[in-house]
Protein chains: 2
Amino acid sequence: MSRSAEAVHETLRHSEGFRSAQDIFTEMRADGAKIGLTTVYRALQALSDDGRVDVLRTDDGESVYRACATGDHHHHLVCRHCGHTVEVAGPDVERWAERVAAQNGFTEITHTVEVFGTCNSCTASAER
Amino acid sequence: MSRSAEAVHETLRHSEGFRSAQDIFTEMRADGAKIGLTTVYRALQALSDDGRVDVLRTDDGESVYRACATGDHHHHLVCRHCGHTVEVAGPDVERWAERVAAQNGFTEITHTVEVFGTCNSCTASAER
DNA sequence: GGTCAAAATGAAAACGGTTGTCAAAGTCAG
DNA sequence: CTGACTTTGACAACCGTTTTCATTTTGACC
C-alpha cells in the first residue's frame, strides 16, 4: 500500500461519518499535505478493494467513503443531517435476504442495506 | 401527467428489469417514437416523484428505473446477470430497521434494501 | 374557426464527479 | 550511481445528468 493511500486512510480514520473524495482531498490540502485529487481517488479505490474502507453512493450519485472499525460484514445507520454514522450488525437481515433469495431461486447473494434517519442530537437542535 | 411521460411509463411497463434512462430513450427511438433524451429524463423524474416507478443506483452511479406492480413499500431481488427482478415485501426488515434505529436514538427512518444474486435460469445457462 | 398564455418539448451547452493520460518524480536493489 | 519499476499529479477526456432557451403543442376562451 502506497504512502499516500496510508495518508488517505489516516484522514478517513479521524472522520466521524462518510466523506466524499473531493472533501477528503480538500481537507488534506488544508492540512498541508501535498497530494493530488487523482491520487486520492486511486487511494480510495485501493482501500475499498482491500475492504479497508466502506463505500456508499449518495442519492445524487456521489461516492462517499468511511474507514470502518471492522472488516466484518455490517451495515450503517446514518444521520441525514450531521452524517454521524453507527455501524450495526444485522443477522436478522442477512437471514431474511438468504431466505427470500432461496425462495425465488436466486443464488450467490449480495445485498445492500443502509438506514438513514435523524440522530439524537440533530433532533434536539431542531426542536430548540 | 404529460403525453410523453405516459409513453415512458408504458415502455417501462413492458420491461422485465431495471432500465437506464439512455436505454429507454434508445428503445423508444428504435420503436419510432419522436422523443428527446431530455424529455425521457424529465418523465422519469416526474414518474418517480409520483411513486409510479422505482429508482435504483447501479454500482457505477447510473440511475435505473422500473415500473413496479404496486406503489406500496417493497424491495427488490435483482439478477445481476439478466436483470430479472422480483419484488419482495420484507416486514421483518422494516421491523429490524425500526429497532436498531430506536436503539441508537435515530428517528424519521428511511432505508434502502436491495438484494442481488443469480437467478435460476442464469445459473442453469452458466452450468451448461 | 382564431387568439393567447401556459405547459411541454428537445437540441445543444453546461455541469460535476470520476477516470484516463503521460511525463516527471520517487524508490530501491544491485 | 544506475537502471528498472512504481507512484504521483496536472490536465484532459468521459459520461450520465441537468440546465438553458427558443420552438412547438396544448387547451382554455372567445
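These numbers come from a predicted model, not from an experiment. Chain naming here is simple, since letters A, B, ... match the order of the sequence lines and numbering starts at 1 in each.
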Discussion item. For a salt bridge (Lys or Arg N to Asp or Glu O under 4.0 Å) check, start with the C-alpha distance between B:R99 and A:D92, then their side-chain angles and the critical distance, and finish with the verdict.
Written reply: CA-CA 11 Å; B:R99 182 156 40 80; A:D92 298 352; 3.1 Å; yes
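Between B:E10 and B:R13 there is a salt bridge, since at least one side-chain N of the basic residue sits less than 4.0 Å from a carboxylate O of the acidic one.
Linking ILVMFWY side-chain heavy atoms closer than 4.5 Å, directly or via other members, places A:L56 and A:I24 in two distinct hydrophobic clusters. Linking Ile, Leu, Val, Met, Phe, Trp and Tyr whenever their side-chain heavy atoms come within less than 4.5 Å puts B:V93 and B:V86 in one cluster. Linking Ile, Leu, Val, Met, Phe, Trp and Tyr whenever their side-chain heavy atoms come within less than 4.5 Å leaves B:V40 and B:V64 in two separate clusters.
Rounding to whole angstrom units, CE of residue A:M28 and C1' of D:dT8 are separated by 13 Å. Rounded to a whole Å, the CG atom of A:D59 is 16 Å from the C1' atom of D:dT18. One can place CG of B:L37 at 12 Å from C1' of C:dA12, the figure rounded to the nearest angstrom. If you take NZ of B:K34 and C1' of C:dG10, they are 11 Å apart, rounded to a whole angstrom. Here D:dG16 presents its C1' atom at 17 Å from CZ of B:R19, a figure rounded to the nearest Å. One can place CD of A:Q22 at 12 Å from C1' of C:dT19, the figure rounded to the nearest angstrom. Taking atom CD of residue B:E6 and atom C1' of nucleotide D:dT26, one finds them 16 Å apart after rounding to whole Å. Taking atom CZ on B:F25 and atom C1' on D:dC15, their separation rounds to 15 Å, with Å as the unit.
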Any protein N or O atoms within reach of nucleotides 24-29 of chain C? Criterion: under 3.5 Å, listing atom names and distances.
{"from": "C:dT27", "atom 1": "OP1", "to": "A:R3", "atom 2": "NH2", "distance (Å)": "3.4"}

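Within the 4.5 Å cutoff, no side-chain heavy atoms of A:T26 are placed close to those of A:R29.
Of the listed nucleotides (D:dT8, C:dT18, C:dT9), D:dT8 has the atom at the smallest distance from the side chain of A:S2. Taking only side-chain atoms of B:E62, from C-beta outward, the nucleotide of C:dA8, D:dT17, C:dG17 with the closest atom is D:dT17.
In summary, the side chains of B:E98 and B:H111 do not present any donor paired with an acceptor at a separation below 3.5 Å, with no hydrogens or angles considered.
Checking side-chain atoms of A:R19 against main-chain N and O of A:T11 turns up no donor-acceptor pair under 3.5 Å.
Below 30°, between 30° and 60°, or above 60°: for A:F106 and B:H84 the angle between ring planes is below 30°, a parallel geometry.
Scanning residues 41-55 of chain A for heavy-atom distances under 4.0 Å to DNA chain D yields A:R42.
Contact check, A:S63 against C:dG17: no side-chain N or O comes under 4.0 Å of OP1 or OP2. For the pair A:T39 and D:dT8, the criterion of a side-chain N or O lying under 4.0 Å from OP1 or OP2 is not met.
Side-chain atoms of B:T38 and base atoms of C:dA11 include a donor and an acceptor less than 3.5 Å apart.
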